[in-house]
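Everything on this sheet refers to the single structure shown next.
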Amino acid sequence: MIQDIQYIKTKANLIRHIYIEDMEKYLLSFDQKVTQRGIVTEWVENEEDLSTIIQQSFLKKSFNKICFDSSVIPSFFTEKNQLFKIISVEEAISSSDNIEHLVIEANFGIVQNGSIVLLNKLSKSCFNHVDNLHIILKINNLVLRNNDLELLLYLFQYQNDAYQFPTDIKIITAPLSKVSTNSTYFEDQSYKVDPINTYLYLYDDGISKILESPILRESLFCINCGRCQQVCPVYKQTKRFSPINLVTNNCFEENQRTMQLFENTTLCGNCNDVCPVLIPLTDLMLTEMQTIKNKHSREKNIDLFKFYSKRSKMNKLNNRFFKYFFNKKHFKNNKRLYNYIHQQKLPFFNIENLQSKAKNE
Ligand code: SF4
């Protein structure tokens, strides 16, 4: 079983590697296929562009009803404005009123046939009363073939200590349509349909910048399964950066960036162990820290050795006595994390190490 899952993970890593290495070429091919099928595609660089482009489709001068079923919400839409009225996904589902705009984030695109894949999206149940469907797809979230997608889907969902194939899958291959509000049923039971304006935004959001970095490029293999966030002891306390967000968030100045990395990881390695596409997250963090250190070796005296040794010690942290002194030494200035470690009854680090768990079974 362990060998099987390791084999699948290695294959998934290869699938991601092949796409990311030639991302530009495959994206163009995907764009052509989606456009041929009648879906309007736009290349969107950042949040600002995204908000402008969504606003361009507003037909009214005020209170355009809009719903976001997406982790990406441009900050323009988080502040009050007469131009729009935000409704939650729950409201959208329970209401029978028309929703003028639904913004939804897709999980994958398939280059082979230009399909767009949505997983576990509650808002799909209100497609029948939406006028404009805005689909956001991050440009690293594509796969080449249907078969590749099948393998990644197997690794996408982890529940009750096992990988599970998602059951809620919606594949979009053409602009959607809905039953017309003035619908008349014809004798053959068919009915009139209205088109839903379907837009696809190929969203960069700093991804092409990461692509240029030989250190961080591997982070683009991410399939957004959320497992690294679930097992991160720092995220559990701070709710600030999941391990993958910490790696890809490089919008800070270099010295701020170093502090950001140091303050938001214990380098415990839990994220490495659970990542289904084998992204070596802590190694990426350390390499980035080391690179910044080498660049500024005179001004900054960052002793990375301490962090390496901290990590390996933490991985053996089953001894309560050791844990007490270790915690005092390394986390005394971080109250939240200090208290959290202090309260842990079970071995703190690698508690969810999938491989060792599976080995004991
Ligand atoms: S980096 Fe995190 S969210 Fe991305 S695939 Fe790996 S475990 Fe999942």
Side-chain angles (χ1 to χ4, degrees), residues 5-21 23 70-72 105-109 117-121 136-144 148-166 203 205-207 210-211 213 215-250 260-261 264-288 311 349-358:
I5 201 73
Q6 266 316 105
Y7 173 72
I8 291 173
K9 283 184 174 187
T10 310
K11 219 171 157 192
N13 178 281
L14 184 65
I15 285 170
R16 299 303 289 137
H17 181 86
I18 292 170
Y19 171 70
I20 298 296
E21 282 306 305
M23 191 199 288
S70 159
S71 66
V72 182
E105 189 177 348
N107 297 84
F108 295 103
V117 182
L118 309 176
L119 302 176
N120 307 329
K121 295 287 174 194
I136 301 170
L137 177 62
K138 290 195 181 165
I139 56 174
N140 61 324
N141 287 341
L142 278 87
V143 291
L144 296 194
D148 298 344
L149 180 70
E150 199 180 325
L151 190 128
L152 294 187
L153 288 188
Y154 176 69
L155 294 169
F156 183 79
Q157 206 159 294
Y158 189 86
Q159 268 171 8
N160 306 328
D161 289 343
Y163 289 99
Q164 285 175 2
F165 204 81
Y203 190 39
D205 193 29
I207 290 165
I210 295 175
L211 193 66
S213 156
I215 303 171
L216 298 179
R217 178 179 276 215
E218 229 175 324
S219 65
L220 299 179
F221 292 9
C222 176
I223 57 169
N224 299 311
C225 70
R227 289 273 291 133
C228 57
Q229 177 174 306
Q230 287 164 12
V231 298
C232 175
V234 182
Y235 182 83
K236 276 180 193 164
Q237 289 307 298
T238 62
K239 303 279 183 263
R240 285 184 71 210
F241 298 102
S242 72
I244 185 65
N245 288 343
L246 188 58
V247 169
T248 53
N249 180 5
N250 53 5
Q260 186 194 39
L261 282 164
N264 289 286
T265 177
T266 63
L267 297 173
C268 69
N270 281 351
C271 49
N272 289 3
D273 292 337
V274 298
C275 180
V277 287
L278 302 178
I279 304 174
L281 288 152
T282 48
D283 294 356
L284 296 184
M285 291 173 203
L286 276 164
T287 315
E288 203 192 344
R311 175 182 169 182
F349 295 98
N350 282 332
I351 43 173
E352 295 189 48
N353 183 332
L354 196 66
Q355 289 147 15
S356 64
K357 214 169 158 191

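These numbers come from the heavy atoms of this one structure, side chains and all, not from hydrogens, waters or symmetry mates. When a ligand or atom number is given, it counts from 1 through the structure's own listing order.
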Atom 3 (S) of ligand 1: which protein heavy atom is closest, and how many Å away? Gly226 N, 3.3 Å
Distance check, rounded to the nearest 0.5 Å: Ile210 atom CD1 versus Ile20 atom CD1? 10.0 Å
When you measure from atom 8 (Fe) of ligand 1 to the N, O or S atoms of Cys225, does any of those distances fall below 2.8 Å? yes
At less than 4.0 angstrom from any non-hydrogen atom of Pro276, what atoms of ligand 1 do you find? 5 (S), 6 (Fe), 7 (S), 8 (Fe)
On a heavy-atom basis, I'd like to know which of Leu220, Val247, Ile244, Ile223 is closest to atom 5 (S) of ligand 1. Ile223
Counting N and O atoms only, with roles assigned by atom type, does the side chain of Arg16 sit under 3.5 Å from a partner on the main chain of Asn140, one being a donor and the other an acceptor? yes
Going from SG on Cys232 to CD1 on Ile244, what distance comes out if it is rounded to the nearest 0.5 angstrom? 12.0 Å
Among protein heavy atoms, which sits nearest to atom 7 (S) of ligand 1, and what does the distance come to when rounded to 0.1 Å? Cys228 N, 3.4 Å
Does Glu150 CD have over 12 foreign heavy atoms under 6.0 Å away? no
Centre-to-centre under 6.0 Å for Phe165 and Tyr154, is that the case here? no
One thing to verify: whether Lys121 and Glu105 come together as a salt bridge, which I'm taking to mean a side-chain N less than 4.0 angstrom from a carboxylate O. no
Nearest non-hydrogen protein atom, atom 6 (Fe) of ligand 1: Cys275 SG, 2.5 Å
So which protein heavy atom does atom 4 (Fe) of ligand 1 come closest to, and at what separation? Cys222 SG, 2.4 Å
